[in-house]
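As structure tokens, the structure follows; a few thoughts come after it.
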Amino acid sequence: MLVLGIETSCDETGVALFDTERGLIADALYSQVDMHANYGGVVPELASRDHVRKLLPMIAKLLDDSGVKGTDLDGIAYTHGPGLVGALLVGATLAHSLAEVWGIPVVGVHHMEGHLLAPMLEVNAPEPPFVALLVSGGHTQLVAVHGLGEYELLGESLDDAAGEAFDKAAKMMELPYPGGPSISKLAQQGSRTRLKFPRPMTDRPGLDFSFSGLKTFTLNTVASMTGENGLGEQDKADICAAFEEAVAQTLMIKCRRALEQTGMQRLVLAGGVAANSRLRELMAEMVQKKKAELFYPRLQYCTDNGAMIAYVGALRLQAGEWTESIDVQPRMALSDLPKIKAA
Ligand code: KG4
Ligand code: ZN
């Protein structure tokens, strides 16, 4: 089954072709990051307009480059949520229109299920059951994956998502958007030990997260270290290193606890923050001590992409699921998804 995947939930236009026999055939991504960087964050209306401009030519090129005609496709998958409603509508409308023209089925895919199953695109794919840490700009969740489509929420952020905390902390130090990569880059020149930032909610039981206190702590630290000439370069690097260490340690402690609590031996990291190298390093040390296994997608499939949507869409279309009318769901829970029936 050959499926076209479309991702337009936020500031990346992603398209991909996935074949259930041959795997990922091709994918392409256009990032709007430079456009939004001028505003210090994503401007929803600009995001929607840019998806309108880019999506159709990207699909035409993807098919052309792969020697695939629209009528060769067996289905289309698009992200129907969560995300920015206007941006989601661009993908949903085009997916349904093309499916109508080509006479093929179409299915809406949960963006976070895409992230969650992105490691399945790798040769060394994790077999459920596993614990997944989903860390993106909008979500921080620990999920027990009992099977495909069988997701149990173990814990989540009570306020800011981990990626959002990176983005906001970067803004405080006037570092470019998106904040995660900017902080991570500068942290390499900083000291992880000079400043100690809090590890929120690690001293009490439970698997929920909170990053707003860490945000305030960062703001106060930046204010106290800013002199007449602004924040010194070394001080900035040290704040970045301390902040990154605090987030990574917090996430690692909660993942260790989730493995212990569920008795599961596999851990999956997914979503944009899973691209963070310090986080990967700490998680690798932790799973090694536990004789557990660690999985994550390659870097380009950690952040938003069309491949993960084409993959999940192919599984769901193969299981006989399809979406009748244009629907977008800006907020929807992973645990409400139906189990993916074996094909
Ligand atoms: O999954 P994603 O591409 O989009 C959403 O669905 O939100 O995640 C984007 C988030 C941003 O907050 C960005 O700052 C963060 O992922 N991010 C990182 C890194 N690369 C991206 N955070 C920390 N370290 C990174 N290397
Ligand atoms: Zn995402």
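Worth saying up front: this structure is predicted, and the values here are computed from it rather than measured. In what follows, residues are counted from 1 in the order of the sequence shown. Computation of the quantities below employed the complete heavy-atom set of this structure, encompassing side-chain atoms and omitting hydrogens, waters and symmetry-equivalent molecules.
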Point to revise | Ile239 side, atom CD1; Met173 side, atom CE - distance, nearest 0.5 Å | key: 6.0 Å
Check your understanding: Quick one: do Lys289 and Glu285 make a salt bridge, cutoff under 4.0 Å?
Key -> no
Side chains of residues 1-10: which donor-acceptor pairs under 3.5 Å do they make with residues two or more places apart or in other chains?
| from | atom 1 | to | atom 2 | distance (Å) |
| --- | --- | --- | --- | --- |
| Glu7 | OE1 | Thr79 | OG1 | 2.7 |
| Glu7 | OE1 | His111 | ND1 | 2.9 |
| Glu7 | OE2 | Ser9 | N | 2.9 |
| Glu7 | OE2 | Ser9 | OG | 2.6 |
| Thr8 | OG1 | Ala87 | O | 2.8 |
| Thr8 | OG1 | Gly91 | N | 3.3 |
| Ser9 | OG | His111 | ND1 | 3.3 |

Exercise for review: Mind jotting down which residue pairs meet the salt bridge (charged side-chain N to carboxylate O under 4.0 Å, His left out) criterion with at least one end in residues 200-225? Sequence neighbours excluded, please.
Suggested key: Asp160-Lys215
Check your understanding: Is any side-chain heavy atom of Met120 less than 4.5 Å from a side-chain heavy atom of Leu315?
Key -> no
Practice item. Any chance you could measure Leu88, atom CG, to His80, atom NE2, to the nearest 0.5 Å? Key: 9.0 Å
Point to revise | CH2/Trp322: more than 12 non-hydrogen atoms of other groups inside 6.0 Å | key: no
**Study point:** Audit row: Lys69, Leu63, side-chain contact (heavy atoms from CB on, under 4.5 Å) steps and yes/no
**Key:** CA-CA 6 Å; Lys69 291 196 290 294; Leu63 295 182; over 6 Å; no
Check your understanding: Would you say Val68 and Leu62 make side-chain contact, with heavy atoms under 4.5 Å?
Key -> no
Review point. Under a 4.5 Å side-chain heavy-atom rule over Ile, Leu, Val, Met, Phe, Trp and Tyr, are Val247 and Leu142 clustered together?
Key: yes
Review point. Same hydrophobic cluster for Phe295 and Met252, using side-chain heavy-atom links shorter than 4.5 Å among ILVMFWY?
Key: no
Check your understanding: If you draw a 6.0 Å radius around CD in Glu260, do more than 12 non-hydrogen atoms from other residues or ligands fall strictly inside?
Key -> yes
Practice item. Kindly give the heavy-atom pair with the smallest separation between Leu175 and Ser182, and that separation in Å. Key: CB-CB, 4.0 Å
Point to revise | Separation of Glu245 CD from Leu282 CG (nearest 0.5 Å) | key: 5.5 Å
Check your understanding: Within a radius of less than 6.0 Å around NZ of Lys54, do more than 12 heavy atoms belonging to other residues, nucleotides or ligands occur?
Key -> yes
Exercise for review: Could you tell me whether Arg53 and Asp50 make a salt bridge, using a distance below 4.0 angstrom between a side-chain N and a carboxylate O?
Suggested key: yes
Review point. Distance-only, no hydrogens or angles: does the Thr140 side chain make a donor-acceptor pair with backbone N or O of Ala162 under 3.5 Å?
Key: yes
Check your understanding: Has the side chain of Lys254 got a donor or acceptor atom that lies under 3.5 Å from a matching backbone atom of Met201?
Key -> yes
Check your understanding: Hey, does Met308 have a side-chain heavy atom less than 4.5 Å from the side chain of Leu117?
Key -> no
Review point. What distance do Ile25 atom CD1 and Ser66 atom OG have between them, rounded to the nearest 0.5 Å?
Key: 7.5 Å
**Study point:** Full working for side-chain contact (heavy atoms from CB on, under 4.5 Å) between Val52 and Leu94
**Key:** CA-CA 9 Å; Val52 170; Leu94 193 59; over 6 Å; no
Check your understanding: Side chains of Ser31 and Glu12: does their closest heavy-atom pair fall under 4.5 Å?
Key -> yes
**Study point:** Neighbour count >12 (heavy atoms, 6.0 Å) for atom CZ, Arg199
**Key:** yes
Check your understanding: Would you say Pro82 and Pro330 make side-chain contact, with heavy atoms under 4.5 Å?
Key -> no
Review point. Going through the distances and angles, do Ile104 and Ile76 end up as a side-chain contact (heavy atoms from CB on, under 4.5 Å)?
Key: CA-CA 8 Å; Ile104 51 176; Ile76 302 181; 3.7 Å; yes
Exercise for review: Scan side-chain atoms only and decide if Asp159 and Ser210 contain a donor-acceptor pair under the 3.5 Å cut-off.
Suggested key: yes
Check your understanding: For the residue pair Ala275 and Cys302, what are the closest heavy atoms and their distance?
Key -> N-SG, 4.0 Å
Practice item. Any chance you could lay out the ring pair (Phe, Tyr, Trp, His ring centres under 6.0 Å) test for Phe217 and Phe243, step after step, and finish with the verdict? Key: CA-CA 10 Å; Phe217 190 91; Phe243 175 85; over 10 Å; no
Check your understanding: Are Tyr78 and Ile59 connected, step by step, through hydrophobic side chains (Ile, Leu, Val, Met, Phe, Trp, Tyr) whose heavy atoms are closer than 4.5 Å?
Key -> yes
Review point. More than 12 heavy atoms of other residues, nucleotides or ligands under 6.0 Å from CD of Gln300: is that the case?
Key: yes
Practice item. Determine yes or no for a side-chain-to-main-chain donor-acceptor pair under 3.5 angstrom, with Gln329 supplying the side chain and Gly81 the backbone. Key: no
Check your understanding: Where do Ala16 and Leu24 come nearest, in terms of heavy atoms and distance?
Key -> CB-CD1, 4.2 Å
Practice item. Decide whether Tyr151 and Leu207 are clustered together by the hydrophobic rule: side chain heavy atoms of Ile, Leu, Val, Met, Phe, Trp, Tyr closer than 4.5 Å, transitively. Key: no
Point to revise | ILVMFWY cluster, Tyr296 and Val131 together (side-chain gap under 4.5 Å) | key: yes
Review point. Any donor-acceptor pair under 3.5 Å linking the side chain of His146 with the backbone of Pro129?
Key: no
Practice item. Would you check if Leu133 and Met283 make a side-chain contact, meaning some heavy-atom pair closer than 4.5 Å? Key: yes
Practice item. Could you pull out the closest heavy-atom pair between Ser48 and Gly86, with the gap in Å? Key: OG-C, 3.4 Å
Exercise for review: Begin with the C-alpha distance, continue with both residues' side-chain angles, and end with the deciding distance and a verdict on salt bridge (Lys or Arg N to Asp or Glu O under 4.0 Å) for Arg278 and Glu281.
Suggested key: CA-CA 5 Å; Arg278 181 59 184 152; Glu281 200 173 76; 2.4 Å; yes
Review point. Are the side chains of Pro178 and Val33 in touch, meaning some heavy atoms are under 4.5 Å apart?
Key: yes
Practice item. State the CD-CG distance between Gln141 and Leu134, to the nearest 0.5 angstrom. Key: 6.0 Å
Practice item. Write down the atom of Val328, the atom of Ala92, and the distance for their closest heavy-atom approach. Key: CG1-CB, 3.8 Å
Practice item. For the residue pair Ser136 and Met112, establish whether any side-chain heavy-atom pair is separated by less than 4.5 Å. Key: yes
Practice item. Show the numbers, then the answer: is there a side-chain contact (heavy atoms from CB on, under 4.5 Å) between Thr262 and Glu152? Key: CA-CA 11 Å; Thr262 57; Glu152 178 195 353; over 6 Å; no
Exercise for review: First locate atom CG of Leu337, then atom NE2 of His110, and finally report the distance between them rounded to the nearest 0.5 Å.
Suggested key: 5.5 Å
Point to revise | Check: Gln234 side chain, Gln189 main-chain N or O, donor-acceptor pair, under 3.5 Å | key: yes
Practice item. Taking Asp19 for its side chain and Leu17 for its backbone only, find out whether a donor-acceptor pair lies under 3.5 Å. Key: no
Review point. Taking only residues at least two apart or on different chains, which pairs with a member in residues 117-137 satisfy salt bridge (charged side-chain N to carboxylate O under 4.0 Å, His left out)?
Key: Glu122-Arg298
**Study point:** Exam field: side chain Arg280 to backbone Ala274, donor-acceptor pair closer than 3.5 Å
**Key:** yes
Study note, to complete from the structure: Ala99 and Val106 have their tightest heavy-atom pair at CB-CB, 3.8 Å
